[in-house]
Protein chains: 2
Amino acid sequence: MATMREVAGRAGVSTATVSRALSGNPTVDPDLAARVRSAAHALGYRPNGVARSLRRQTTAVLALIISDVENPFFTAIARGVEDTAQSAGYSVVLCNSDESTAKERRYVDVLLQEQVAGVIVSPTSAAGALEPLWDNGTPVVAVDRPLPGLECDTVLVDSRVAANVATTHLAAQGYQRIGCLTGPVGVHTADDRLAGYRDALRAAKRRSAADLVRRAEFRTVGAKRSAADLFGIAEPPDGLLVANSTMATGTLEAMSELGLRAGRDVGLVAFDDSPWATLVDPPLTVISQPAYQIGTMAAQLLLARIGGDARAPRTITLNAQLVVRGSSHR
Amino acid sequence: MATMREVAGRAGVSTATVSRALSGNPTVDPDLAARVRSAAHALGYRPNGVARSLRRQTTAVLALIISDVENPFFTAIARGVEDTAQSAGYSVVLCNSDESTAKERRYVDVLLQEQVAGVIVSPTSAAGALEPLWDNGTPVVAVDRPLPGLECDTVLVDSRVAANVATTHLAAQGYQRIGCLTGPVGVHTADDRLAGYRDALRAAKRRSAADLVRRAEFRTVGAKRSAADLFGIAEPPDGLLVANSTMATGTLEAMSELGLRAGRDVGLVAFDDSPWATLVDPPLTVISQPAYQIGTMAAQLLLARIGGDARAPRTITLNAQLVVRGSSHR
DNA sequence: TTGTATGCGTTATCAA
DNA sequence: TTGATAACGCATACAA
């Protein structure tokens, strides 16, 4: 790779002039600038990003730490982040924490070493693993889940309200024993969706039977087991709120094996719309989250911070939308 | 962030010794090493990866350029790459070329600037956009699609054979007019799957009717349109091979709107297994590709190159597996 | 307007 | 076994 020295040599100027010319500094003579540019072009010069970062003490790289690369909700966020970052001249490093605090911690370490300009994270646990970012002054934006205790910009979806709306919808459709299948204790969205579910039952003056609630990992297999378990009890639910789309596939698998039909036997609503939601029979009623928009907003907030914005941290709460399809009525 | 100087100061040694001590160089006195480590720990020292990269002229970062972050096939590859890279101490930058040569080119530029140690790519087009990597001596591994002309390690799936097997299966099930819905001309997997389809028809002594073949982008919407178009012709197909899973959702949407039932009205096989493939009615017969394994193999090949392996480039071809479900028989 | 010289934080070479 | 020192490639303060 050609360096500035070589470009300087070829153009017959100093490296300082090359640097200025290529960065568009107006104090450089137009003729010289042209000579430098053509020399750079001739040599296929490409600035060394590492050296530049070392000198400038920052990189044009943002990081996005998500908890599951295979979850379409997060990849949609990634797309939003990437599009916004790209058009601001930043690239994006995607890291998959896999809901593991250890992995999250490792990535934070790597990102600090690599001096990324800022980090967008859907936090796996409490803030602990992310603290080094704060200590280092790296701007952080939390998405999907808040970072209790740490003050930072946050982009959320009002899961609790959405879960409430969905549950109320199920009740209004005449389902009597509505259950809830949600994620692990401590995962904010899991708890939030459960809370919204309970809010709705309380408002509808329904007895919220504790035995109609199940928790599992945000994965297909665990959800399938839990759903099967739930449908196996003495008085099984005839309605169910499921906390994300991977769990929804598990639930549908379990129902299929048990010969239960959505809508008719069990009113079903799940978080997150998916391309296949309309293909199952009956089509799945979902709570659609504005994932792409979460990504763009988060990136905008982060870029503002990187640009020096020092205002108080903001929390932006977007709304989800209930999309009623066949699985939630008889 | 604490630097080596500070650690050196606190431990009362030179930066050289700190460097050696922390990198586990055995020529350093154990007592001193311990003192250095505790000083580093006390100061929360974290090596500056940028400076290290500048000095070492390489980074512990691999890049993965894929053509669609939202396609589960590619995210599964990403997982494989990441797991392998992680355990070798490398992190992974994920880049989304979006099937755009321009984006691909931009990313290659960024990656060169950032001096990544190697690149795994599912090439969007011909090799043109990737040439700078070669010029720079950056190791490259192609996945999913070959890089014609450029000699590099490659991990492929034998799409052509798989398409042949799938089409033969459809013919054996008694479907008479078998069509094919594949990706754009020039995308290797698209062409390959079409070729395999033709191979099968030829072997089965079926007339391969050109009007039963459609091409569209590897996306849901385009596939839906093309499928609708295909089912609308005078003598529509009663069997269909679909070239990937996003196209499969489009196809199923079109069929649903036209009141066509898979299996009964149209024998259907699609590339790529998905969590939802068993949930649609009837369950979808698929050609399951070993995506995760593609990722791990590609990462291993790349790491070997980075480690100095200079053997002739290898092409590894993995096999896909036909998973027969309800959509391919009456 | 341009050039010289220095430093960013690390590692590697060379002496001691 | 350790330390002084010189790069790595770029950007800037300062001098010219």
Assess the residue pair Thr189(A) and Val157(A) against the criterion (side-chain contact (heavy atoms from CB on, under 4.5 Å)); give the C-alpha distance rounded to whole Å, side-chain angles, the decisive distance to 0.1 Å, and a yes or no.
CA-CA 9 Å; Thr189(A) 44; Val157(A) 171; over 6 Å; no
Stepwise side-chain contact (heavy atoms from CB on, under 4.5 Å) test for Arg10(A) and Leu43(A):
CA-CA 9 Å; Arg10(A) 192 183 167 104; Leu43(A) 292 171; 3.8 Å; yes
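The shortest side-chain heavy-atom distance between Val28(A) and Thr17(A) falls under the 4.5 Å cut-off. Contact check for Ile294(A) versus Leu318(A): side-chain heavy atoms found under the 4.5 Å cut-off. Looking at heavy atoms from C-beta onward, Val93(B) lies out of side-chain contact with Leu64(B) at the 4.5 angstrom threshold. In this structure, the side chains of Thr138(A) and Leu112(A) come closer than 4.5 Å at one or more pairs of heavy atoms. By the 4.5 Å heavy-atom criterion applied to side chains, Met1(B) and Asn48(B) are not counted as neighbours. Between Leu62(B) and Val119(B), every side-chain heavy-atom pair lies at or beyond the 4.5 Å cut-off. Side-chain atoms of Tyr45(A) and Pro47(A), non-hydrogen and from C-beta on, do get closer than 4.5 Å to each other.
Taking all atoms of both residues into account, the shortest heavy-atom contact from Arg145(B) to Thr154(B) is O-CG2, 4.4 Å. In plain terms, the two heavy atoms of Gly49(B) and Glu114(A) that are nearest each other are CA-OE2, 4.4 Å.
The local environment of CD in Gln57(A) is crowded, with over 12 non-hydrogen atoms from other residues, nucleotides or ligands closer than 6.0 Å. Residue-environment remark: CD (Glu217(A)) stays at or below the threshold of 12 foreign heavy atoms within 6.0 Å.
The footprint of chain A on DNA chain D, defined by a heavy-atom cutoff below 4.0 Å, extends from dG9(D) to dA13(D).
Under the 3.5 Å distance criterion, the side-chain polar atoms of Ser122(A) are left unmatched by any main-chain donor or acceptor of Ile66(A). Although no hydrogens or angles enter the test, the distance criterion places no donor-acceptor pair under 3.5 Å between the side chain of Ser19(B) and the main chain of Thr15(B).
A salt bridge links Arg79(A) with Asp98(B): the closest approach of a Lys/Arg side-chain nitrogen to an acidic carboxylate oxygen falls below 4.0 angstrom. With salt bridges taken as basic N to acidic carboxylate O contacts below 4.0 Å, none links Asp153(B) and Arg314(B).
DNA chain C lies under 4.0 Å from at least one heavy atom of each of the following residues of residues 49-58 of chain B: Ala51(B), Arg52(B), Arg55(B), Arg56(B). At a non-hydrogen distance threshold of 4.0 Å, Ser19(B), Arg20(B) from residues 19-26 of chain B come into contact with DNA chain C. Of the residues in residues 27-38 of chain B, Thr27(B), Val28(B), Asp29(B), Leu32(B) come within less than 4.0 Å of DNA chain D through at least one heavy atom, sorted by number. Listed by residue number, the members of residues 3-13 of chain A with any heavy atom below 4.0 angstrom from DNA chain D are Thr3(A), Met4(A).
Axis angle, first five pairs versus last five pairs of the helix from dT1(C)-dA16(D) to dA16(C)-dT1(D): 50°, rounded to 10°.
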